[in-house]
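To start, the structure itself, in structure tokens.
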There are 2 protein chains.
Amino acid sequence: MGKKQSSAFEKNITAIKTMIEHDGFVPGDRIPSERELAERLSISRPAVREALRTLAYLGIVETRHGGGSYLLNRDDHAYIEIIAHFLVTGESKFEDLAGTLRLIEHAALCKLEDRESLRDHLETDALFREVLIQSTGNDLYERIWRQVNAFYLSFGQGDLYTRAERESFLNDRSR
Amino acid sequence: MGKKQSSAFEKNITAIKTMIEHDGFVPGDRIPSERELAERLSISRPAVREALRTLAYLGIVETRHGGGSYLLNRDDHAYIEIIAHFLVTGESKFEDLAGTLRLIEHAALCKLEDRESLRDHLETDALFREVLIQSTGNDLYERIWRQVNAFYLSFGQGDLYTRAERESFLNDRSR
DNA sequence: AAGGCGTAATTGGTCTGACCAATGCCGCCG
DNA sequence: CGGCGGCATTGGTCAGACCAATTACGCCTT
């Protein structure tokens with residue numbers, strides 16, 4: 001993953017990230033003030049702010065005017081708006097949503113060796129699919145799924161599969 | 001999906017984005033200088049920079065020291081934000097990138113009835129996978145793939161599959 | 001002694017202005 | 001006509017100041 005070629009700006013982001021990690025902050029914690037970060041990292045406050053603003057936009061930290069900056073856990077719904085944008089602009093159709101979920105879950109199912117482990121969760125569609133995705137062990141894949149799924153759920157369309165469909169997944173190797 | 005409550009910083013990002021769009025800039029174009037943006041938007045240069053740095057980090061624009069800022073590829077950058085977010089948090093590993101691509105493409109392959117149509121594109125990995133994804137006919141799914149793939153390519157890791165692997169995809173129904 | 005309240009300190013938000021560094025343009029000179 | 005050098009433009013960084021919102025803390029009241 002080379003990229004030795006990182007600008008000072010990117011270095012600052014990394015520096016703040018590693019400092020947060022090194023000092024053992026957990027989601028919800030208040031991180032040092034902009035002025036303190038600037039001093040400890042030996043950079044100016046504007047430089048800290050440019051990095052911090054980016055981290056805030058990405059949903060990694062939250063800043064409160066006068067109250068400091070806080071580390072977030074990012075189960076944030078901000079990205080739902082991004083997906084919504086595609087639908088609103090008509091660039092994607094709503095049917096694509098369910099279709100996308102089925103495709104994502106289909107791949108997970110194909111990869112899963114021991115499908116019997118799913119049997120315990122046949123009853124509830126949401127849990128069944130959640131466990132299915134987690135079986136991939138791919139964090140990025142899981143996160144993408146989670147965002148699309150959250151948006152799908154916001155439409156209140158109910159279950160994605162019927163109970164019979166879920167059951168068939170356990171046996172039908174062609175799927 | 002309310003969010004009337006956007007900070008000045010987010011407004012600035014939106015303002016710059018809409019100005020770029022309004023003025024009809026296309027990828028590769030040089031956008032106005034930071035000082036000019038500040039004047040036209042009636043905000044300070046630091047405010048412009050905070051927004052611009054974020055846009056640069058997200059891969060929407062590129063800045064060259066002394067050379068101005070340039071608009072990058074026009075594809076919707078939305079998912080880049082998501083992916084960048086995951087990687088920045090360090091909770092997703094780089095290996096997840098390739099794994100995610102394989103999963104996404106695997107599902108497309110499973111769904112594809114007529115695999116022979118892929119035979120014409122066996123030679124080049126990039127085109128093969130592009131055609132494969134397009135065969136799903138799911139625009140949202142394709143967009144997600146495109147973003148993940150763009151991110152993967154930015155690391156210059158080369159082909160995702162060997163020629164032999166691609167060929168095996170045409171025959172192996174178990175995949 | 002306990003609690004409420006107001007003030008001061010802290011912290012983020014924004015701006016001005018300055019200077020450095022890299023780039024690019026353009027005219028001058030060979 | 002072409003190469004080269006200087007100057008204008010532009011991004012990179014910083015210092016400092018002031019405002020606004022929040023928080024902390026001590027004082028006063030009860």
Side-chain angles (χ1 to χ4, degrees), chain A residues 3-20 23 25-74 76 78, chain B residues 3-20 23 25-73 77:
Chain A
K3 290 290 187 94
K4 184 89 285 175
Q5 167 75 291
S6 57
S7 66
F9 169 71
E10 287 170 358
K11 285 205 198 88
N12 291 341
I13 286 191
T14 303
I16 292 178
K17 261 179 46 193
T18 55
M19 166 176 291
I20 288 174
D23 288 8
F25 290 110
V26 297
D29 283 357
R30 185 163 122 174
I31 65 178
S33 70
E34 295 179 352
R35 289 170 178 84
E36 184 177 342
L37 284 174
E39 187 177 358
R40 286 172 61 178
L41 298 176
S42 300
I43 54 180
S44 69
R45 196 177 151 214
V48 169
R49 282 187 59 80
E50 289 179 2
L52 226 41
R53 299 280 68 202
T54 297
L55 292 178
Y57 191 76
L58 294 175
I60 296 171
V61 302
E62 177 191 30
T63 62
R64 303 175 195 163
H65 190 171
S69 297
Y70 293 80
L71 194 59
L72 293 180
N73 45 348
R74 45 301 87 257
D76 212 284
Chain B
K3 279 293 188 87
K4 182 94 296 174
Q5 156 84 289
S6 59
S7 68
F9 169 71
E10 286 169 359
K11 285 204 197 91
N12 291 341
I13 287 191
T14 303
I16 292 179
K17 275 186 181 172
T18 55
M19 165 177 290
I20 287 174
D23 288 8
F25 290 109
V26 297
D29 283 357
R30 185 164 122 173
I31 64 178
S33 69
E34 296 180 352
R35 290 170 177 85
E36 183 177 342
L37 284 174
E39 188 177 359
R40 285 172 61 177
L41 297 176
S42 299
I43 54 180
S44 68
R45 195 177 151 215
V48 169
R49 281 187 59 80
E50 287 179 2
L52 226 41
R53 299 280 70 203
T54 297
L55 292 177
Y57 192 77
L58 297 177
I60 296 172
V61 301
E62 178 191 27
T63 62
R64 302 175 196 164
H65 190 171
S69 296
Y70 294 79
L71 192 58
L72 293 183
N73 53 331
H77 329 84

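A quick note: this is a predicted structure, and the numbers were derived from the prediction, not measured. Chain A is the first sequence line, chain B the second, and so forth, proteins listed ahead of strands; every chain is numbered from 1.
Between R30(A) atom CZ and dA21(D) atom C1' the separation is 13 Å, expressed in whole Å. As a whole-Å value, the separation of L52(A) CG from dG12(C) C1' is 10 Å. The distance between atom CG of L55(A) and atom P of dG12(C), rounded to the nearest whole Å, is 14 Å. R40(A) places its CZ atom 13 Å from the P atom of dT11(C), with the value rounded to the nearest Å. Remark: C1' of dT16(C) and CD of E39(B) are 15 Å apart, rounded to the nearest angstrom. Remark: C1' of dC14(D) and CD1 of I43(A) are 11 Å apart, rounded to the nearest angstrom. dT13(D) atom P lies 11 Å from atom CZ of R45(B), rounded to whole Å. At whole-Å resolution of the value, CD in E36(A) and C1' in dT11(C) are 11 Å apart.
Axis angle between the ends of the helix from dA1(C)-dT30(D) to dG30(C)-dC1(D), five pairs each and rounded to 10 degrees, works out to 10°.
Closest to the side chain of E34(B), out of dC15(C), dG11(D), dG13(C), is dG11(D). Out of dT16(C), dG13(C), dG12(D), the shortest distance to the side chain of H65(A) is found at dG13(C).
Between L41(A) and N12(A) there is no side-chain heavy-atom pair separated by less than 4.5 Å. You'll find the side chain of R53(A) stays beyond 4.5 Å of the side chain of R53(B), heavy atoms only. Within the 4.5 Å cutoff, the side chain of M19(B) has no heavy atoms near those of the I31(B) side chain.
Across all strands shown, R35(A) has heavy atoms under 4.0 Å from base atoms, whether or not it also approaches the sugar-phosphate.
Counted by atom type alone, T63(B) and S69(B) present zero donor-acceptor pairs between their side chains at under 3.5 Å.
With E36(B) as the fixed residue, the side-chain contact (heavy atoms from CB on, under 4.5 Å) test singles out one of R40(B), E39(B), E34(B): R40(B).
Taking side-chain N and O atoms only, T63(B) has a distance below 4.0 Å to OP1 or OP2 of dG12(D). Residue R49(A) has no polar side-chain atom (N or O) positioned under 4.0 Å from OP1 or OP2 of dG12(C). Look at S69(A) and you won't find any side-chain N or O under 4.0 angstrom from OP1 or OP2 of dT11(C).
When every heavy atom of I16(A) is checked against every heavy atom of A51(A), the shortest pair comes out as CD1-CB, 3.8 Å. Shortest non-hydrogen contact noted between F25(A) and R30(A) is CE2-O, 3.5 Å.
Contact of R64(A) with dG13(C) (side chain to base): no donor-acceptor pair of N or O atoms is detected under 3.5 Å.
Ranked by how close their nearest DNA chain D nucleotide is to the 5' end, G66(A) and S42(A) are led by S42(A).
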